[in-house]
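One structure below.
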Amino acid sequence: MKSRAAVAFEAGKPLEIVEVDLDGPKAGEVLIEIKATGICHTDEFTLSGSDPEGLFPAILGHEGAGVVVDVGPGVTSMKKGDHVIPLYTPECRECPSCLSRKTNLCTAIRSTQGQGVMPDGTSRFSYRGKKIHHYMGCSTFSNYTVLPEIAVAKVNPAAPFDKICYVGCGVTTGIGAVINTAKVEIGATAAVFGLGGIGLNVIQGLKLAGADMIIGVDLNNGKKEWGERFGMTHFVNPSEIQGDVVAHIVNMTKRGADQIGGADYTFDCTGNVKVMRQALEASHRGWGQSIIIGVAGAGQEISTRPFQLVTGRIWKGTAFGGARGRTDVPKIVNWYMAGKIQIDPMITHTMPLEDINKGFQLMHEGKSIRSVVIF
Ligand code: NAD
Ligand code: 022
Ligand code: ZN
C-alpha cells in the first residue's frame, strides 16, 4: 500500500513529504494508521546527524497514537479497530529482562530495532524501490506504519489521539521517572532541572505522588509560570542567584535538627552533563537519589567526586520512565481521562504533516513545549 510520510533522506536536511510504499504486516505484526504524532528531541538529534547510530533514509517519529487497520498471522492481543500507542520500548513478557521484573528494557527485538528493521531483518518501507529504515521501531511520521505486536499498547478508545500521542514518550517518561524509577513517597522534597516537555511531566508526577516541596530549576524565567501550572512550589533561575545553584538548593531544603540540606529526589531533564552533576550534588546526604532522564550528546561523560556516593547519594538513570509499555501506557491514558494528569496545556502547537519541519524549528528555538502533527 501507499502511505504519506515525512522522510529523512539525509542528515541535516529538512524532512520531505512523499508517498512511500508500505508492505502489510507479517506474522506477529500489526498495521497501524497513525492519527497523531508528537515531535521529540531524539527525532531532531537523529535528523541533525549528531546521532552516531542514525540511519538514512529513515522515517523518524516515536510518539504516536492511532488505530489498528490490519493484523498479521498469529496476532492475538489486538484486532482491527483497536486504539493503540506504538512503543519504542517493547514489552514481550518473555525475555530475561521482562521476567526479571527489575527493568523495562525488553531485549526481544533490541538488535533489529537499532538497525532500523523489523524483527525478521527487513524493512516494510520503501521509496522508488529503495529501502527506507524504520526508526526506534515506531516510524510515526508516516500515516501508516507496521509494528511488532509486543511493541504496541492498546488504549482507551475514548481518548483523543492528538493528546495521548504524547503518552508515547514525554508524559510516560516524566511521570514514570517519578513513580517507577525514583518511587517518590508522600511528603518528599524534590528538585527538577530543566522545565521542558519532560521536566513539566516530572513535576506533575511529583504532585501526583504527593511531594511537598517541588523546586523547578531553569535558565528561562518564562518556565516559572509553566512549572507552577503543574505543581511546582519554588523556582530557581541559576543565572539570577548569588553563587552556586547546588548550595542554593541545599540551603532551601535545610530541615531537621542537624540542618543538613538537599532534596530527597532530583531529576535531570536537560541532557547537560554539568547539570547532571549539579542534580546529584543537590540531593540529600545519606539518601538522596538523582535520576538522569536527559540524553547527553554522543561521547559525553559525567563526573563527580566519589565522596558524593560514599556519603549515600544514589545516581540512577531511566529510559521511558521505567515503564512497561503494554502494562503502564494504558493506565496513564486512563489517568488522563480521569483528570488525574494534564496533557492539553503542554501541547502548544499542532500542524498538518506538510508543516512538520516548522514543528522541528519551534522545538529547536525553544518556543514549544510539544508540537503535534495531526494526520
Ligand atoms: P526541552 O528542550 O523542552 O527542555 C529543556 C529545558 O532545560 C529548557 O526549558 C531549558 O531552558 C532548560 N535548561 C537548559 N540548560 C539548563 C541549565 N543549565 N540549567 C537549567 N535548565 C536548563 O527538552 P525536553 O523535551 O524536556 O527533553 C529533555 C531531555 O530529556 C532531552 O535530553 C531528551 O532527549 C530527554 N528525554 C529522555 C527520555 C528517556 O527515556 N530517558 C525520554 C524523552 C526525552
Ligand atoms: C526518547 N528518548 C529520548 C527522547 N525521546 C530516548 C532515547 C533513548 C533511550 C530512551 C529514550 C534509551 C535508553 C536506553 C536505551 N535507549 C537502550 C535500550 C536497550 O539497549 O535496551 C534506546 C531505546 C531505543 C533505541 C535506542 C536507544 C532505538 O530504537 N534506536 C529505548
Ligand atoms: Zn521522545
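Both ligands and their constituent atoms are indexed starting at 1 by order of listing. Side chains are part of it too, since the values below use all heavy atoms of this structure and drop only hydrogens, waters and symmetry mates. Since the model is a prediction, treat every value here as computed from it, not as a measurement.
- Using cut-offs of 30° and 60° for the angle between ring planes, the His62 and Tyr135 rings count as perpendicular.
- Taking each of Leu219, Thr270, Ile198, Ile39 in turn, the one with a heavy atom nearest to atom 44 (C) of ligand 1 proves to be Ile198.
- Within a 4.0 Å radius of atom 11 (C) of ligand 2, the protein contributes at least one heavy atom.
- In this structure, Ile85 and Val329 approach most closely via the heavy-atom pair CD1-CG1, 3.9 Å.
- In the vicinity of Phe320, heavy-atom distances shorter than 4.0 Å reach the ligand 1 atoms 39 (C), 40 (O).
- Ranked by closest heavy atom to atom 31 (C) of ligand 2, the top entry among Leu87, Ile109, Thr89 is Thr89.
- Residue-ligand proximity, Thr318 to ligand 1, at heavy-atom distances under 4.0 Å covers atoms 39 (C), 40 (O), 41 (N).
- Donor-acceptor pairing under 3.5 Å is lacking for the side chains of Ser368 and Arg370.
- Contact analysis leaves Phe193 out of contact with ligand 1, as no non-hydrogen atom separation drops below 4.0 angstrom.
- For ligand 1, the atoms sitting less than 4.0 Å from at least one non-hydrogen atom of Gly294 are 29 (C), 30 (O), 32 (O), 35 (C), numbered in the order shown with element in parentheses.
- Residue-level proximity to ligand 2 for Met136 is carried by backbone and side chain together, each with a heavy atom below 4.0 angstrom.
- By the criterion of a heavy-atom distance under 4.0 Å, the side chain of Lys223, and not its backbone, is placed next to ligand 1.
- Taking the Zn ion (ligand 3) as the apex, the angle formed with NE2 of His62 and SG of Cys40 is 110°, to the nearest 10 degrees.
- Relative to atom 3 (O) of ligand 1, the option among Ala279, Pro238, Ser368, Gly196 with the closest non-hydrogen atom is Gly196.
- Contact of the Lys340 side chain with the Lys207 side chain is not registered, since no non-hydrogen atoms from C-beta on lie closer than 4.5 Å.
- Closer than 4.0 Å to atom 16 (N) of ligand 2 lies none of the heavy atoms of the protein.
- Side chain to side chain, Thr37 and Glu63 fail the donor-acceptor criterion of an N or O pair below 3.5 Å.
- Proximity to Ala319 (heavy-atom distance under 4.0 Å) selects the following atoms of ligand 1: 40 (O).
- Counted by atom type alone, Arg124 and Thr145 present zero donor-acceptor pairs between their side chains at under 3.5 Å.
- Ring pair His134/Phe125: centre-to-centre distance below 6.0 Å.
- Close contacts of ligand 1 with Arg370, meaning ligand atoms under 4.0 Å from a residue heavy atom, involve 25 (O).
- Close approach to Val275 involves these atoms of ligand 1, each under 4.0 Å from a residue heavy atom: 17 (C), 18 (N), 19 (N).
- Between the side chains of Asn180 and Lys183, no donor N or O sits under 3.5 Å from an acceptor N or O.
- In this structure, Cys169 has a heavy atom closer than 4.0 Å to ligand 1.
- Counting protein heavy atoms only, atom 21 (N) of ligand 1 is closest to Asp218 CA, 3.6 Å.
- Between His284 and Tyr265, the ring centre distance reaches or exceeds 6.0 Å.
- Tyr88 has its ring centre less than 6.0 Å from the ring centre of Phe320.
- Put simply, atom 22 (C) of ligand 2 has no protein non-hydrogen atoms near it, under 4.0 Å away.
- At a 3.5 angstrom cut-off on N or O pairs, Arg110 counts as close to ligand 2.
- The part of His62 lying near ligand 2 is the side chain, judged by heavy-atom distances below 4.0 Å.
- Under the 4.0 angstrom criterion for non-hydrogen atoms, Glu53 is not in contact with ligand 2.
- Heavy-atom separations between Gln113 and ligand 2 include at least one value shorter than 4.0 Å.
- Distances below 4.0 Å separate heavy atoms of Gly197 from the following atoms of ligand 1: 3 (O), 24 (P), 25 (O), 26 (O).
- In summary, Cys169 places an N/O/S atom under 2.8 Å from the Zn ion (ligand 3), meeting the contact criterion.
- Residue contacts with ligand 1: Cys269 is placed with no nitrogen or oxygen under 3.5 Å of a nitrogen or oxygen of the ligand (distance criterion only).
- Inside a 4.0 Å radius of atom 26 (C) of ligand 2 there is not any protein heavy atom.
- Aromatic ring centroids of Tyr127 and Phe9 lie under 6.0 Å apart.
- Side chain to side chain, Ser283 and Gln289 fail the donor-acceptor criterion of an N or O pair below 3.5 Å.
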